[in-house]
Amino acid sequence: MALQVLGITLSMIGFAGTIIICALPMWKVTAFIGTNIVVAQVFWEGLWMTCVYERTGQMQCKLYDALLDLDPSLQAARGLIVTTMALECLAFLIFLVGADCTNCLSNPRAKARIVVVSGITFMLSGLTAVVPVSWTADSIIRDFHNPIVHEALKREMGAALYVGWVTAGFLFVGGAVLCTSCPPERHNYSPRYTLSKTDTHSGYAIKNYV
């Protein structure tokens, strides 16, 4: 029970982190280099919108206009993050079926196996979460060191990427804990002895023997 509580708690923290990185627009932020060292505006780019933060404290956000005009990497990141949240919901529902605190099943071995399936699903969601985050970070780093890209177009890694890596770690660890919560197989051998009432060779009854 303790391992299951720990595993599902870590996994739910990862689920909350996935929602945060999906909503935060800070995947890419303005790089303060060259002529951009002193700027009055800071640009944030996320999965669903782009924001402009003014030095005066005002911020304006705008949703992306057309889906088909977006960069293919951004579309893939959107799909993977949505897939991650779907897998996390599925893993949580599977966990509820096999958790020790529920009565959906009566067979303890079957419940333990279902919890392991839930843990594997959480670990798979961690994989789908870390791929778009790492992919975006690699793209930012390559463009940052590319001399062909203009300084005004270069970006730095935003807070959402770091949250994404931590989120993937929680999902991996939480899923692994759920996988180890399955108790080992136990084989109980109860030897049975049958007593014969007569000796087949001598024909004497066993009661004649002391």
Side-chain angles (χ1 to χ4, degrees), residues 2-33 36 42-53 59 61-64 67 70-95 115-146 149 151 153-181:
L3 284 177
Q4 289 187 5
V5 172
L6 176 61
I8 196 61
T9 300
L10 295 175
S11 300
M12 287 297 99
I13 294 175
F15 187 22
T18 306
I19 297 175
I20 292 174
I21 65 175
C22 182
L24 279 180
M26 291 179 290
W27 281 59
K28 299 179 181 180
V29 298
T30 301
F32 297 99
I33 56 175
N36 287 338
V42 178
F43 292 93
W44 295 345
E45 298 177 18
L47 295 180
W48 311 98
M49 65 183 70
T50 178
C51 297
V52 179
Y53 179 76
M59 184 174 65
C61 295
K62 179 183 178 183
L63 295 174
Y64 294 119
L67 176 62
L70 297 178
D71 187 80
S73 61
L74 178 58
Q75 297 182 29
R78 278 185 175 186
L80 286 173
I81 293 299
V82 172
T83 302
T84 299
M85 292 190 291
L87 287 174
E88 290 166 346
C89 293
L90 177 62
F92 180 70
L93 294 177
I94 295 174
F95 172 80
V115 171
V116 172
V117 173
S118 173
I120 294 174
T121 308
F122 272 120
M123 295 177 69
L124 181 61
S125 68
L127 178 62
T128 57
V130 75
V131 168
V133 172
S134 301
W135 190 358
T136 303
D138 178 72
S139 175
I140 294 173
I141 293 173
R142 284 189 289 104
D143 290 343
F144 188 86
H145 296 288
N146 189 353
V149 179
E151 292 179 350
L153 300 177
K154 292 184 178 182
R155 297 290 183 263
E156 292 182 350
M157 293 185 293
L161 298 183
Y162 298 100
V163 176
W165 281 314
V166 175
T167 294
F170 274 110
L171 291 172
F172 274 119
V173 175
V177 172
L178 289 178
C179 289
T180 58
S181 65

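Atoms considered below: every heavy atom in the structure, side chains included; atoms not considered: hydrogens, waters and symmetry mates. Keep in mind it's a predicted model, so treat the numbers as computed, not measured.
Counted within 6.0 Å of CZ on F170, heavy atoms from surrounding residues, nucleotides or ligands total 12 or fewer; the atom is thus considered open.
Rounding to the nearest 0.5 angstrom, the gap separating the CG atom in L87 from the CE atom in M123 is 13.5 Å. Once rounded to the nearest 0.5 Å, the distance linking CD1 of I141 with CD of E156 reads 11.0 Å. With rounding to the nearest 0.5 angstrom, the OG1 atom of T83 is 12.0 Å from the CG atom of L90. Atoms CG and CH2, from L74 and W135 in turn, are 10.0 Å apart once rounded to the nearest 0.5 Å. Taking CG of L63 as the reference point, atom SG of C51 lies at 9.0 Å (rounded to 0.5 Å).
Of the possible polar contacts, none joining the S139 side chain to the T136 backbone as a donor-acceptor pair under 3.5 Å is found. A donor-acceptor contact shorter than 3.5 Å links the side chain of R78 to the backbone of L47. Under the 3.5 Å distance criterion, the side-chain polar atoms of K62 are left unmatched by any main-chain donor or acceptor of T50. A donor-acceptor pair under 3.5 Å is formed between the side chain of Y64 and the backbone N or O of G46. S134 places no side-chain N or O within donor-acceptor distance of the main-chain N or O of V131, the cut-off being under 3.5 Å. Here the side chain of S125 pairs no donor or acceptor atom with the backbone of T84 at under 3.5 angstrom.
For the residue pair T167 and T18, no side-chain donor N or O sits within less than 3.5 Å of a side-chain acceptor on the partner.
Each of I120, V115, T121 was evaluated against L178; a single residue qualifies, V115, per the side chain to side chain contact (heavy atoms under 4.5 Å, CB included) test.
Side chains of L171 and E88 form a contact here, defined as non-hydrogen atoms less than 4.5 Å apart. Using a 4.5 Å cut-off on side-chain heavy atoms (C-beta onward), T9 and V5 make contact. Between Y162 and V133, the closest side-chain pair of non-hydrogen atoms is not below 4.5 Å.
In plain terms, the two heavy atoms of F95 and S118 that are nearest each other are CB-OG, 3.3 Å. Closest approach of F92 to F122, counting heavy atoms only: N-CZ, 3.9 Å. Considering all non-hydrogen atoms of both residues, C179 and G119 come closest at SG-C, 3.8 Å. Considering all non-hydrogen atoms of both residues, V29 and W44 come closest at CG1-CD1, 3.5 Å. Here the closest heavy-atom approach between residue V163 and residue I20 is recorded as CG1-CG2, 4.4 Å. Closest approach of G175 and S11 over heavy atoms only: N-OG, 3.8 Å.
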